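Here is the structure we will look at, set down as structure tokens.
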Amino acid sequence: MEYLHHVRRTQYLFRRYVFDLLVALLLVAAMLEVLVGRNSPDAPQSTFWFVFPAIAVLVLPIIARRWFPLAPAAHWVLAMGISFIDWRLIPFAISIFVVGLVAAFLLGNLRDPVQAGIGLALVIAGPVTVVYKIPGHSTAMLIFIPLEFAISWVAGFALRDRVEKAEAAEVRATEAERERDAAARIAVAEERVRIARELHDVVAHAVSVMVLQVGAVRHKLPATLAEDSEALRNVEQAGRTALAEMRGLLAAMRSDGDQAEFAPQPGLDGLDSLLDEIGRAGLPVRLHVDGEPVALPRGIDLSAYRIVQEGLTNALKHARASGADVTVRYRPDELQIEVRDDGEGGSRSDGLGHGLVGIRERVKIYGGHMNAGSANGSGFILSTRLPLSAGRR
């Protein structure tokens, strides 16, 4: 692990400083050019005590760009000054010409348009001055040599525009992902509230039955069992208190525009009506039942109905299906539900997939499993497994 960390660290440093390393190599190359060609008639006339520091100061602004973005402009300011002292130095070393191209590129790559404009002015003025100081220079030299550096500046400017667009696209993608995550969290919260409201009736019914049975038993107890009667009275009172608190909690969860639902919550015994309704809406559905139907815990029965309802709604609205199959399998320890359509393979209740979010939350309550995805060829399959032991605990 330490070795891998060292390798990654080395790769990071190499990527970060490889450009500076190449510039340093240009510095060394320029010094070697002057050193090797010192006897050439075109070689700089100044001593090495001036030439080598001059070459260094021409290259250092490229390194300093990390701290001062406009630093490459100093290359051309220094180049114009050096040309007045020894005009042979800059034209003699080809490596300095390459450094000039790099400086022009970096100036064109500046984010600040004002600084980039200043850089363009220096990229043109600098070469013109250097060429003008060369004895016997031609008009073509005054035009085309500065043009080469201007082209390098344009290349940097074009790359900057492309990078800015890529960064803007990345920012938009990050914001979109953040919005999707926030919308998914909201969808989960809303679905949990909806499930809680639906299960309220189930739990409230069970508690009401318990309270009524406790009250009936208490009234039948003889006077000699006063202590037992008092204990049952306390249980009955606790049950009524729990019901009152549940109603208050439900009222708090309900939005201002929501109305109380008085119709009984549906179950798998209402599938025929649901399938008829989906069929009238334009999606024929075939129901397959495997195994002997058994009485299900009320919460699982309700969740199973909602899973089928959501799966068919997705197929009807979003998958462009022409038909669907619903399979309900009764097993000794679990209930299996499969909704399959022949549509385009996309099954989402909306652009954020909140329908699947709702199904996933319902399955999670009972410790079940859910799978959803495109079928081979075409269509979409939604399958869930709900353990029956979870509803009977």
Side-chain angles (χ1 to χ4, degrees), residues 184 186-209 246 249-250 253-254 258 260-278 285 287-317 324-341 347-350 352-373 380-393:
I186 294 173
V188 169
E190 291 177 347
E191 190 61 32
R192 288 175 179 174
V193 171
R194 179 189 174 194
I195 294 172
R197 289 201 303 261
E198 291 181 349
L199 292 180
H200 166 267
D201 289 345
V202 177
V203 179
H205 174 73
V207 175
S208 298
V209 171
M246 287 177 60
L249 179 61
L250 181 65
M253 289 190 301
R254 183 177 291 116
D258 293 343
E261 297 181 3
F262 298 102
Q265 298 292 353
L268 290 182
D269 56 357
L271 277 186
D272 290 336
S273 299
L274 173 63
L275 301 189
D276 289 341
E277 180 181 349
I278 296 294
V285 184
L287 176 64
H288 311 277
V289 178
D290 183 11
E292 187 66 25
V294 296
L296 299 173
R298 192 70 189 92
I300 291 182
D301 198 21
L302 169 61
S303 293
Y305 178 89
R306 293 302 187 197
I307 290 170
V308 175
Q309 183 183 43
E310 189 63 50
L312 292 177
T313 301
N314 289 344
L316 178 64
K317 292 184 176 180
D325 290 272
V326 175
T327 303
V328 180
R329 299 185 181 93
Y330 291 90
R331 296 293 181 260
D333 57 346
E334 67 180 11
L335 177 70
Q336 301 175 3
I337 300 172
E338 180 182 285
V339 179
R340 178 192 296 262
D341 65 63
S347 182
R348 296 178 179 271
S349 67
D350 56 24
L352 299 170
H354 293 176
L356 296 182
V357 168
I359 294 174
R360 186 175 292 109
E361 289 301 312
R362 291 181 184 277
V363 171
K364 187 188 301 183
I365 290 176
Y366 297 103
H369 299 279
M370 175 192 119
N371 290 311
F380 192 87
I381 300 177
L382 168 66
S383 61
T384 62
R385 295 161 53 193
L386 299 174
L388 298 181
S389 57
R392 290 168 179 164
R393 286 198 293 264

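Computed from a predicted model, the values in this text were never measured in an experiment.
In this structure, Leu335 and Arg329 have side chains that are not in contact, with every pair of non-hydrogen atoms separated by 4.5 Å or more. Between Val308 and Leu274, the closest side-chain pair of non-hydrogen atoms falls below 4.5 Å. Contact check for Leu275 versus Leu312: side-chain heavy atoms found under the 4.5 Å cut-off.
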Leu296 vs Val294, test: side chain to side chain contact (heavy atoms under 4.5 Å, CB included). Steps then yes/no.
CA-CA 6 Å; Leu296 299 173; Val294 296; 4.1 Å; yes
Tell me, with the steps shown, if Glu338 and Leu382 meet side chain to side chain contact (heavy atoms under 4.5 Å, CB included).
CA-CA 6 Å; Glu338 180 182 285; Leu382 168 66; over 6 Å; no
Worked verdict on Thr384 versus Ile359 for side chain to side chain contact (heavy atoms under 4.5 Å, CB included)
CA-CA 9 Å; Thr384 62; Ile359 294 174; 4.0 Å; yes
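Between His369 and Val363, the shortest heavy-atom contact is N-CG1, 3.3 Å. Between Tyr366 and Pro387, the shortest heavy-atom contact is O-CD, 3.5 Å.
Without hydrogens or angle criteria, Asp301 side chain to Leu268 main chain gives a donor-acceptor distance under 3.5 Å.
Residues meeting the salt bridge (Lys or Arg N to Asp or Glu O under 4.0 Å) test with Asp325, sequence neighbours left out: Arg286. Evaluation of the salt bridge (Lys or Arg N to Asp or Glu O under 4.0 Å) rule for Asp290 yields Arg331 as partners, not counting sequence neighbours.
A donor-acceptor pair shorter than 3.5 Å can be found between the side chains of Glu334 and Gln336.
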